[in-house]
2 protein chains.
Amino acid sequence: MTEKMIPDIVIGRLPVYLRALQRMVQEGRQVTSSQELGERLGISAAQIRKDLSQFGEFGKQGTGYQIDYLVDQIREILNVNQVWEIAVIGAGDIGSAVARYGGFANRGFAVRMIFDNNPEAIGKLVGSFTVQETAVMVPAIQQAGIQIAMIAVPANQAQEVADKLVEAGVKAILNYAPLSLNVPEDVHVQYIDPVIHLQRMTYYLE
Amino acid sequence: MTEKMIPDIVIGRLPVYLRALQRMVQEGRQVTSSQELGERLGISAAQIRKDLSQFGEFGKQGTGYQIDYLVDQIREILNVNQVWEIAVIGAGDIGSAVARYGGFANRGFAVRMIFDNNPEAIGKLVGSFTVQETAVMVPAIQQAGIQIAMIAVPANQAQEVADKLVEAGVKAILNYAPLSLNVPEDVHVQYIDPVIHLQRMTYYLE
DNA sequence: TAGATTGTTAATCGATTAACAATC
DNA sequence: TAGATTGTTAATCGATTAACAATC
C-alpha cells in the first residue's frame with residue numbers, strides 16, 4: 001500500500017455523486033457546482049469539494065465542474081469504466097428480479113450467470129439466462145474469471161454459498177440474505193436487507 | 001425534543017444487532033457477550049456496549065446479555081414490537097419480489113397493498129395482493145393510515161410518486177429507484193440501489 | 001473466591017465544517 | 001473588472017477506542 005489511504009466513507013459517497021451527475025447529463029446539463037450537487041443530495045458543498053480533492057482537481061474556480069468530465073473521472077476512480085460480470089446465486093423472487101434488472105447497463109455491471117440448488121428451478125429461463133445447478137458454480141465462476149457475486153438464497157444457506165464463492169475466487173459479494181457473512185479480509189461484502197432500512201426509520205415513527 | 005438525542009449512526013446499528021441476536025435465538029443460544037456479538041458482526045465490543053448504554057442497562061457484569069431480553073428491548077426501542085403496514089408502489093420485477101418477500105414476517109412489517117400505473121399490471125395478482133391503479137393510491141393509503149411505503153418504479157417517475165406519498169401522509173419511504181428524492185424534513189427516506197453498493201466495492205478491485 | 005464482563009469515563013482518532021486565498 | 005466558485009487549511013465537532021472500577 002503505497003498510495004495515500006482514502007477513507008472508505010469517502011469511497012462510499014462517490015457512487016452517489018456519480019449517480020446524480022449522470023442524471024444531470026440525462027437532463028442535458030453541462031456544468032454544475034459543489035453547491036448545486038450538495039443541495040440535490042443533502043450533503044454540504046464543502047464535503048463534496050473535500051471528497052473530490054482526495055483524487056485530484058476536477059473543477060474550475062468561478063465556474064464549477066464540467067459534468068461530462070467529472071463523470072468520466074469518478075468512473076475511472078471507481079473502476080466502473082469497464083463492465084464487471086456478475087454471478088447471481090439463488091433464482092427465487094429476489095435473485096430473478098436482480099438477474100432481470102435493467103439498471104446495471106451503463107453503470108458498469110452485467111449479470112452473466114445464475115445458479116440455484118432447487119431441481120425445479122434448474123434449467124428454467126430467468127431473463128436470458130438458464131438457471132444452472134449449484135454443483136457447477138465454483139468451476140463456472142472460476143472459468144469465467146468472475147470476481148463479483150450476489151447472494152440471494154435463504155439465510156441458512158448463505159454462509160455456505162459465500163464459502164464456495166470465496167473458493168471460486170470471488171472478491172466482492174453483494175448479500176441479500178438477512179445475516180452477516182464471514183469471509184477472508186481480502187473479500188469485500190456489502191449488504192442489502194430492506195428490513196434493516198425499515199427498522200432504522202421506525203425508530204423515528206410514532 | 002426533550003429526550004437526549006441519540007446519534008442516527010447508533011440507531012442504524014441497532015437493527016444489525018437485532019438481526020444477529022434473533023439469529024442466535026434460532027440457534028438456541030440463551031446468553032451472549034458484547035465480545036461475541038462484536039466478533040460476529042465485525043464491530044468492536046466497546047462500541048456495542050456504548051451503543052446499548054444509550055438506552056439503558058441490559059446486561060450483567062460477568063455473564064453478559066440474556067438474548068431474549070435484549071431482543072425484546074431493542075425491538076421496543078426500534079418500535080418493531082408491532083406490525084407496520086407497507087404500501088408498495090410499482091409492480092415490476094422489484095416491486096413484485098418485495099411484495100412476495102417472506103422476510104418481513106416477525107421482523108415488524110407486512111406489505112398490505114401494491115400499486116402500478118401500467119394498465120397491463122392493474123388487476124393482476126402479486127402474491128396475495130391485487131395490483132391497484134395509481135389513481136386510487138393516495139386515498140387508499142390515507143384511509144388505511146399507512147405510514148411506510150416502498151418505491152419500486154422507474155427513476156423518472158419516482159419523485160412524482162414520492163410527492164404523492166407525502167401527500168397521503170406517508171412518513172417513511174424505502175426507495176429502490178436509483179436517484180435521490182426530495183421530501184419534507186419530517187419524512188424519512190432510505191435508499192436501496194445495488195449499483196451503489198457494487199461501485200463501492202469495485203474501487204478496491206483490480 | 002477468582003474470573004468474566006458490564007457500563008462509563010477520558011483519551012484518541014477521524015470526519016465535517018467554516019473560511020478564505022487563489023483564480024477563472 | 002466584479003462575481004462566483006474552487007481547493008485547501010485550520011478549527012470544530014463527533015465517533016470510536018482503551019481502560020478500569022464495579023459487580024455478577
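Reminder, nothing fancy here: chain letters follow the sequence lines and each chain counts from 1. All of these numbers come straight from a predicted model, not from anything done at the bench.
- Interatomic distance, B/Q22 CD to B/I74 CD1, rounded to the nearest 0.5 Å: 9.0 Å.
- For residues 141-158 of chain A, the pairs satisfying side-chain hydrogen bond (donor to acceptor under 3.5 Å, both in side chains) are A/N117-A/Q157, with sequence neighbours left out.
- In the helix from C/dG3-D/dC24 to C/dC24-D/dG3, the rotation axis of the first five pairs and that of the last five pairs differ in direction by 20°, rounded to 10 degrees.
- Contact check for B/M137 versus B/Q132: no side-chain heavy atoms found under the 4.5 Å cut-off.
- A 4.5 Å side-chain heavy-atom check between A/F104 and B/L198 finds at least one atom pair inside the cut-off.
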What does nucleotides 3-14 of chain C look like as a protein-contact string, B for base, S for sugar-phosphate only, - for none, at under 4.0 angstrom between heavy atoms? -BBBBBB-----
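- Under 4.0 angstrom from either OP1 or OP2 of C/dA15 there lies no side-chain N or O belonging to A/R13.
- Between the C1' atom of D/dA15 and the CD1 atom of B/I43 lies a distance of 13 Å, rounded to the nearest Å.
- Counting only residues at least two apart or in different chains, ring-ring contact (aromatic ring centres under 6.0 Å, His included) contacts with residues 141-198 of chain B comprise A/Y204-B/H188.
- When only modelled atom types and interatomic distance are considered, B/D51 and B/Q47 share no side-chain donor-acceptor pair under 3.5 Å.
- Contact check of residues 22-30 of chain B against DNA chain D (heavy atom, cut-off under 4.0 Å) returns no residues at all.
- Other residues, nucleotides and ligands contribute over 12 non-hydrogen atoms within 6.0 Å of the CG atom of B/D72.
- Computed from coordinates, the B/Q47 CD to D/dA15 C1' distance equals 8 Å when rounded to whole Å.
- Under 4.0 Å is where a charged nitrogen must lie from a carboxylate oxygen, and between B/D8 and B/R13 no such pair does.
- The distance from atom CD1 of B/I151 to atom CD1 of B/I192, rounded to the nearest 0.5 Å, is 12.5 Å.
- The side-chain hydrogen bond (donor to acceptor under 3.5 Å, both in side chains) contacts involving residues 27-39 of chain A comprise A/E27-A/R40, A/R29-A/E36, A/T32-A/E36, A/S34-A/R49, where partners must be two or more places apart or lie in separate chains.
- One atom, CG of B/D51, and another, P of D/dT17, lie 10 Å apart when rounded to the nearest Å.
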